[in-house]
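Notes for the one structure printed next.
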Protein chains: 2
Amino acid sequence: MVKLSRKERKRAERKEWIIDAAEEVMRRSGFESATMDEIAHEAEVSKGTLYLYFKNKASIHLAISERGSRMLNQSLSKILLLELSGLEMIKKMGQSYLGFVQQYPIYFTAFSYYENLISSNETYNGELAIACEENAREAMTYIVRALQIGMQDGSIKDTYDPKELGIIIWGASKGVIHMAFHKESRNHMRILDDVDFSLDSIINNFVELLGTGMKND
Amino acid sequence: MVKLSRKERKRAERKEWIIDAAEEVMRRSGFESATMDEIAHEAEVSKGTLYLYFKNKASIHLAISERGSRMLNQSLSKILLLELSGLEMIKKMGQSYLGFVQQYPIYFTAFSYYENLISSNETYNGELAIACEENAREAMTYIVRALQIGMQDGSIKDTYDPKELGIIIWGASKGVIHMAFHKESRNHMRILDDVDFSLDSIINNFVELLGTGMKND
DNA sequence: TTCAAAAAATGACCGTTAGTCAAAATGTAT
DNA sequence: ATACATTTTGACTAACGGTCATTTTTTGAA
């Protein structure tokens, strides 16, 4: 049993190593343009080996998304442990999400990609996809928990259903950060060119706006 | 000059015809899976002909996005002509956007796709891409105009910068609709499965929430 | 240490698809 | 009717994701 476990550990390490390589290649070329040959080369294995560890290219992408969402959850979960009002927790989560996106843009790109492909690809049903969904569900529970805390401590209106409000906050945050993020990282999206607000300013105002909307008077 | 114009008109018609076919194929198979051969077959032309009208596959996708964003703008622009307060205009725009997405899901998918690919593909710099950007900028001006009207008629707080608020509203709306939309159209995204709110309910509450946040007290 | 059986890794190969281009078909003007 | 210009065609190429027979490495019993 010990031997099997060592083998498994080695296999897991190798898998992580391949994900590292894939992240690097995708950082350079984007998910579409990254080829399996490139990834294999970067990981210093043959192409065939990639397929011993991952079913196909989409699986590699999913593995990156899973890793990213797990990391994000870790930082969100900590917020619930702080001595804050529910409303402040929600605000903190927004900032935390932004910080995550800024620190690891590759994961944000991966998430966006994931959501676009999920509907059209068979692979997005397997084990890894379920893990991603599970992570997303977990993130949602953190938000809902903070909302419930806020409704209890009186910092957040209790006229909304916390679950529904959670979906709204989650979706809206993603949308705003998506937009603001693209403003930072691209030469395209010219809608935003004649607007010189910083990403932080946009997010802060957004959090303020949502906060006012759900604040208890 | 008249002859040249006729020729040009014919060419433009043919182009629209190809876009129609491409939309149909992508509705069936999704953008990724749609092949140029399929599109050619659907449009009843040879593959080579596609390339006489569009530089490449990405261009066809852009043409669809351009068409969609032009349609959306048309419905947004009408709202500015109504006898409404600025705040009501903004709410109406949100509903209008939702209606558009529900009526023409293919364009919403195209927009999402567009935003994911824009950074990685060369084609997203040419004439069509500029037209898309121009449409997006135009949509933004409608939102900003409504916000300015609202700040003038007193229905919207004037503590925010209208342009910045415009970006926030636009981004947040896209995010919420994106999420709610996927809930409707997919069997995935299981975060949302144990939540049985309707798309309309989510959007209404979102509009309500944002509205409260920017309402003048 | 030796060796054979099992496991892991390899890369030449295959099918598919975006994109090209020489040849064919169609349109136009005299 | 003919010659010239324009448009269309589809066989072809290159590149990529994915496969699998073969080679290399690991393992453990003698």
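Chain letters run A, B, ... following the sequence lines, proteins first and then strands; every chain starts at 1.
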Round to the nearest Å and state the distance from [X] atom [atom1] to [N] atom [atom2].
X     : N      : atom1 : atom2 : answer
A/K57 : D/dA15 : NZ    : C1'   : 12 Å
A/F31 : D/dC16 : CZ    : C1'   : 13 Å
B/H61 : C/dA18 : NE2   : C1'   : 16 Å
A/N56 : D/dC16 : CG    : C1'   : 14 Å
B/Y53 : C/dA18 : OH    : P     : 20 Å
B/D37 : C/dA18 : CG    : P     : 7 Å
B/H41 : C/dT16 : NE2   : C1'   : 18 Å

Does the side chain of B/L62 reach to within under 4.5 Å of the side chain of B/F54, using non-hydrogen atoms?
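B/L62 vs B/F54: side chains apart.
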Report yes if the side chains of A/L72 and A/N135 come closer than 4.5 Å at any heavy-atom pair, otherwise no.
no
Taking only residues two or more places apart in sequence or in another chain, which ones pass ring-ring contact (aromatic ring centres under 6.0 Å, His included) with B/F108?
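Here the qualifying residues are B/H178, B/F181.
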How would you list, by chain and number, every residue that makes a ring-ring contact (aromatic ring centres under 6.0 Å, His included) with A/F206, sequence neighbours excluded?
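Here no residue qualifies.
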Any ion pair linking A/R70 and A/E66 (charged N to carboxylate O, less than 4.0 Å)?
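Here A/E66 pairs with A/R70 in a salt bridge, since their nearest N and O are under 4.0 Å apart.
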Checking ring pair (Phe, Tyr, Trp, His ring centres under 6.0 Å) for the pair B/W170/B/Y97: CA distance, chi angles, key distance, verdict?
CA-CA 10 Å; B/W170 180 245; B/Y97 185 29; 5.8 Å; yes
Pairwise N/O distances under 3.5 Å, protein to nucleotides 10-13 of chain C:
{"from": "C/dT10", "atom 1": "OP2", "to": "A/S46", "atom 2": "N", "distance (Å)": "2.8"}
{"from": "C/dT10", "atom 1": "OP2", "to": "A/S46", "atom 2": "OG", "distance (Å)": "3.3"}
{"from": "C/dT10", "atom 1": "OP2", "to": "A/T49", "atom 2": "OG1", "distance (Å)": "2.7"}
{"from": "C/dT10", "atom 1": "O5'", "to": "A/S46", "atom 2": "OG", "distance (Å)": "3.4"}

Does C/dC21 have OP1 or OP2 under 4.0 Å away from a side-chain N or O of B/Y51?
no
